[in-house]
2 protein chains.
Amino acid sequence: MVRVTKLTDYGIALMARLANEHGGNQLTAQDLSEAMGIPLPTVRKLLKTLARDDLLESTRGAAGGYKLARTAEEISMMDMVTSLEGPVAMTECSADRDCDCSLQEICGMKENWSFINEQFKNTLKNFSLAQMAGSLAEKQAARDTLSQSLEAET
Amino acid sequence: MVRVTKLTDYGIALMARLANEHGGNQLTAQDLSEAMGIPLPTVRKLLKTLARDDLLESTRGAAGGYKLARTAEEISMMDMVTSLEGPVAMTECSADRDCDCSLQEICGMKENWSFINEQFKNTLKNFSLAQMAGSLAEKQAARDTLSQSLEAET
DNA sequence: CGCAAAGAGTACCGTTTTAGTCTCTTTTGA
DNA sequence: TCAAAAGAGACTAAAACGGTACTCTTTGCG
């Protein structure tokens with residue numbers, strides 16, 4: 001479906017909630033579950049994944065919790081999507097690793113798919129968590145950034 | 001997985017093969033199955049879908065077959081992906097229709113997702129079947145087109 | 001110390017989607 | 001009339017998704 005999974009959507013919503021928590025304030029899985037209306041076990045699973053990939057910093061033990069590992073400006077949609085659902089690859093053959101697609105010899109579209117894949121990855125890279133958690137004004141900034149990066153590339 | 005399904009990949013490969021068939025020459029499902037090494041029943045299913053959405057023209061009966069309904073330049077990746085796997089929507093809430101996402105009130109990211117979704121759709125709209133079936137030189141054209149369209153939008 | 005809160009890791013299961021097949025019908029050229 | 005070919009739709013096995021449960025480790029605090 002060319003779609004991000006529901007869990008990824010949840011995960012990014014959690015990140016956005018954490019991005020709006022200023023001053024290094026931590027939130028527990030419990031806090032986030034209640035704030036976002038997502039079942040606690042699911043929240044835990046997502047936060048664990050995000051922490052393992054160094055997007056979140058976790059503190060264990062009593063008075064533990066989670067906070068962003070970097071500023072929201074320094075975390076891109078690409079980082080989050082990759083963490084939550086693995087490498088972004090439109091097709092088998094556009095993944096980084098070698099693929100075992102039986103059509104590879106015949107179809108000849110690998111490079112074209114890779115090109116489209118890169119375009120898409122750029123869109124995600126140029127959209128930060130800060131923008132995702134933020135306002136319409138910040139969306140305009142993203143648009144400008146993307147536009148510039150494409151010009152630079154050409 | 002932010003991935004196009006295998007069947008969509010196959011479908012586009014079939015379209016590319018038909019794009020390289022010049023002079024209104026028709027190919028049968030059988031021909032395409034043999035040419036691409038994709039099982040016949042699967043090929044049939046895909047061609048039916050593409051024909052129903054007016055990307056292919058079909059002729060029934062003996063000596064029947066399929067050919068492109070328009071030129072390869074006039075068929076975009078967006079047309080094909082949409083036909084083969086339905087509307088492109090990164091999340092439930094970025095589909096055109098109203099969604100029943102329980103987070104809608106809380107997460108506040110709907111507009112941001114829509115924006116990313118539009119960027120992605122533009123990438124697909126600006127890449128034609130001709131480019132997909134064609135050479136590296138044509139890829140550069142796609143890059144230019146996309147870049148221009150983004151500038152215009154800003 | 002010992003308890004309770006909180007994260008880490010992993011395994012499990014029901015549901016949905018995907019990938020692929022099969023059967024039957026309709027159309028049409030020879 | 002027959003055979004080739006498309007159209008429509010049902011059906012099935014396998015994989016992915018969404019969610020849960022269980023066990024273990026870490027740590028603050030009385």
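Each chain gets a letter, A, B and so on, in the order its sequence line appears, and its residues count up from 1.
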Do any N or O atoms from the side chain of Ser114(B) and from the backbone of Lys110(B) form a donor-acceptor pair under 3.5 angstrom?
yes
Write down the distance between CD (Glu92(A)) and P (dT18(C)), rounded to a whole number of angstrom.
15 Å
Using the side-chain heavy atoms of Ala63(A), tell me which of these nucleotides is nearest: dG20(C), dG7(D), dG28(D).
dG28(D)
Is any N or O donor-acceptor pair between the side chain of Arg60(B) and the base of dT26(C) shorter than 3.5 Å?
yes
Any chance you could lay out the side chain to side chain contact (heavy atoms under 4.5 Å, CB included) test for Gln30(A) and Leu40(A), step after step, and finish with the verdict?
CA-CA 6 Å; Gln30(A) 178 85 50; Leu40(A) 180 56; 3.7 Å; yes
Would you say dT21(C) has OP1 or OP2 under 4.0 Å from some side-chain N or O of Thr42(B)?
yes
Which residues in residues 47-55 of chain B have at least one heavy atom lying under 4.0 Å from any atom of DNA chain D?
Lys48(B), Arg52(B)
Just to verify, which of Leu50(A), Thr49(A), Leu47(A), Leu84(A) counts as forming a side chain to side chain contact (heavy atoms under 4.5 Å, CB included) with Leu55(A)?
Leu50(A)
Side chain proximity check, Glu85(B) to Leu7(B), heavy atoms < 4.5 angstrom
no
When the distance from CD1 of Ile38(A) to C1' of dT20(D) is rounded to whole Å, what number comes out?
15 Å
Spacing of Glu57(A) atom CD relative to dA8(C) atom C1', expressed in whole Å:
16 Å
Gln30(B) has an atom CD; how far is it from atom C1' of dA4(D), in whole Å?
10 Å
Does a side-chain N or O of Thr5(B) approach OP1 or OP2 of dA19(C) to a distance below 4.0 Å, or not?
yes
Rounded to whole Å, CD of Glu85(B) lies from C1' of dA19(C) at a distance of 13 Å
CZ of Arg44(A) versus C1' of dT26(D): gap in Å, rounded?
15 Å
Separation of atom CG in Leu40(B) from atom P in dG7(D), rounded to whole Å:
13 Å
Strictly below 4.0 Å: does Ser58(A) bring a side-chain N or O up to OP1 or OP2 of dA8(C)?
yes
Closest of dG19(D), dG7(D), dA19(C) to the Lys6(A) side chain is dG19(D)
Side-chain N or O of Tyr66(A) versus OP1/OP2 of dA8(C): is the shortest distance under 4.0 Å?
yes
